[in-house]
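Before any comments, here is the structure.
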Amino acid sequence: MPELAIIVPTLNERSNVEPLLARLESALSGIQWEVIFVDDDSTDGTAALVRQLSLSDPRVRIVQRIGRRGLSSAVVEGMLATAAPYLAVMDGDLQHDERLLPAMLGKAKSGNLDVVIASRYIQGGSVGEFSKRRSLLSGLGKKLSRFVCHHDVSDPMSGYFLLSRPLFEEVVHNLSGLGFKILLDILASSRRPLRIGELGYTFGTRLSGESKLDTAVGVEYILLLADKLMGDALPVRFALFALVGVVGVGVHLAILGPLHFWTPLSFLWAQALATLGAMISNFLLNNLITYHDRRLRGWAMAKGLATFCAACAIGAVINFSLAQLLMLAGLPWYTAGIGGIVVGSVWNFGVTAIFTWRRGRGMAHQAGAAGVNSSRVIAAR
């Protein structure tokens, strides 16, 4: 039975696998350990290499995810795939100093700690070669994390940490699994004060492989914060969907006005074109923001737009019909109007979530999502 499981989420990290294993072998001498690579179906053969290596080393394991992506959800699946009493998380890009793992494990055991964080912001720690822009963004993210994380830690956004299995099992059902900041998710999901330790380390430089950070990481971070702030009061996706709808009203009016007043088109035609423009705008914004983790690309995007417009057209009919019924029932006009809008919005949200951005859709277009129904999780030892 391994005492320590190291969870390594990967995406096109084939060239880093063997060097990382060699480093772990050297650093963890005398410790019973295993490493679980959670690969989001890399195109460079990362999963195949790990599977091949696992045939000769039972400490090496692979969880290959088909049709979804996301660092946080990958870490959760990796932790669920092991029975080790201590769980460490580190990147597969060789930027985290594996030599710190024995000290992290020793600190957790000797102090009976829930979490030990490898911090870049205490004595002995450094962000390394961070650019000025990335340092500013990291600082901003750290400040925003205080809204949801009530634990006094120097680096709540660290991607390198160790936690006990009891803590993981305590919080796992409350995790959002959104974005890249799984440590912040864990800290914010705890219902009690945690026993936390920190050790300083220097963030290394990526040598090869593909970074999982892209321009939308900020969006995912905001989604995580919103989910933790709202809790069960209002689903974050529905809140974003509704917000995009409000923006769509502005787009509709911005198109309708000029077409009605400055062109020979009839009001009916102007209204139809404005409605179409608002639907396209709403689809693009929802694809970019609300469903970033399931976003559609290529041909899947064209098909998604068609299903979105069809669903919203039916939603408009529902909106109008219900408002009319409420008016006939004697309710005030504003109550009838709001009732129609709410029911129509819920319809649009529910139907487009199923048919436009359904889980597991667009595997060939990298439209990942955690827990997809149509995908497979392949685990090998």
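Keep in mind that what you see is a predicted model, and the values were worked out from it rather than measured.
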query: Is there side-chain contact between V76 and V172, with at least one heavy-atom pair below 4.5 Å?
result: yes
message: Under the side-chain contact (heavy atoms from CB on, under 4.5 Å) test against L194, which residue among L163, V171, L113, D114 passes?
response: D114
Nearest atoms (heavy-atom pairs only) where L71 meets P9: CG-CG, 3.9 Å
task: Apply the ring-ring contact (aromatic ring centres under 6.0 Å, His included) test between F283 and each candidate in Y291, W357, F241; give the one that qualifies.
output: W357
- prompt: Between the side chains of T43 and N12, is a donor N or O closer than 3.5 angstrom to an acceptor N or O?
  reply: yes
- request: May I have the step-by-step check of side chain to side chain contact (heavy atoms under 4.5 Å, CB included) for L285 and T290, ending in yes or no?
  value: CA-CA 7 Å; L285 287 175; T290 309; over 6 Å; no
task: For the pair S158 (side chain) and A118 (backbone), establish whether a donor and an acceptor sit closer than 3.5 Å, ignoring hydrogens and angles.
output: yes
message: Which heavy atom of N348 sits nearest to which heavy atom of T352, and what is that distance?
response: O-OG1, 2.6 Å
- request: Write down the atom of S72, the atom of I182, and the distance for their closest heavy-atom approach.
  value: OG-N, 3.5 Å
statement: salt bridge (charged side-chain N to carboxylate O under 4.0 Å, His left out) test vs E170 passes for just one of R191, R165, R192, namely R192
statement: Tightest non-hydrogen contact, residues L101 and A88, listed as CD2-CB, 3.8 Å
message: Test your reading of the model: is there a side-chain donor-acceptor pair from E198 to the backbone of S154, 3.5 Å cut-off?
response: yes
query: Minimum heavy-atom separation for L105 to E3, with atom names?
result: CD2-OE1, 3.9 Å
- prompt: With a cutoff of under 4.5 Å between side-chain heavy atoms, which Ile, Leu, Val, Met, Phe, Trp and Tyr residues group with V317?
  reply: none
- request: Answer yes or no: is there a side-chain heavy-atom contact under 4.5 Å between R61 and T82?
  value: yes
- prompt: Is any side-chain heavy atom of M90 less than 4.5 Å from a side-chain heavy atom of L100?
  reply: no
message: Main chain of A353, side chain of T356: is a donor-acceptor contact present, judged purely on distance under 3.5 Å?
response: no
query: Using a side-chain heavy atom cutoff under 4.5 Å and only I, L, V, M, F, W and Y, what cluster partners does F261 have?
result: W262
message: Using only atom types and a distance under 3.5 Å, with no angle test, would you say the side chain of T275 pairs donor to acceptor with the backbone of Q271?
response: yes
message: Does Q32, at its CD atom, have more than 12 non-hydrogen atoms belonging to other residues, nucleotides or ligands within less than 6.0 Å?
response: no
query: Are the side chain of S26 and the backbone N or O of R23 linked by a donor-acceptor pair below 3.5 Å?
result: no
message: Could you check whether any side-chain N or O of D57 sits under 3.5 Å from a backbone N or O of L53, counting only pairs where one atom can act as donor and the other as acceptor?
response: no
task: Check the surroundings of atom CZ in R195: do more than 12 heavy atoms from other residues, nucleotides or ligands lie under 6.0 Å from it?
output: yes
message: Could you go through N286 and F308, starting from their C-alpha distance and side-chain angles, then the distance that decides it, and tell me whether this counts as side chain to side chain contact (heavy atoms under 4.5 Å, CB included)?
response: CA-CA 10 Å; N286 279 311; F308 180 83; 4.0 Å; yes
Considering all heavy atoms, the nearest R65-A74 contact: NH1-N, 3.4 Å
task: Using ring pair (Phe, Tyr, Trp, His ring centres under 6.0 Å) as the criterion, list what pairs up with F161, not counting sequence neighbours.
output: none
- prompt: Got S119 and V153 here, is their nearest side-chain heavy-atom distance under 4.5 Å?
  reply: no
query: Judged by modelled atom types alone, do T10 and T46 share a side-chain donor-acceptor pair under 3.5 Å?
result: no
message: Can a donor-acceptor pair be found, under 3.5 Å and without considering hydrogens, that links the side chain of D155 to the backbone of R120?
response: yes
query: With side chains defined as the heavy atoms from C-beta onward, is the minimum distance between N282 and C312 less than 4.5 Å?
result: no
task: Enter the distance from E98:CD to L28:CG here, rounded to the nearest 0.5 Å.
output: 8.5 Å
- request: May I ask you to decide if D97's main-chain N or O and Y160's side chain share a donor-acceptor pair within less than 3.5 Å?
  value: yes
query: Considering only heavy atoms from C-beta outward, does the side chain of K107 approach that of L162 to under 4.5 Å?
result: no
query: Is a side-chain donor or acceptor of N287 paired with a backbone partner of L296 at a separation under 3.5 angstrom?
result: yes
field: F37 side chain reached by V60 side chain, heavy atoms, under 4.5 Å
entry: yes
Min side-chain heavy-atom separation D44-L49 under 4.5 Å: no
- prompt: When hydrophobic residues are tied together by side-chain contacts of less than 4.5 Å, even through go-betweens, does V247 share a cluster with L253?
  reply: no
Reported OG-to-CD distance for the pair S42 and E13, which is rounded to 0.5 angstrom: 7.5 Å
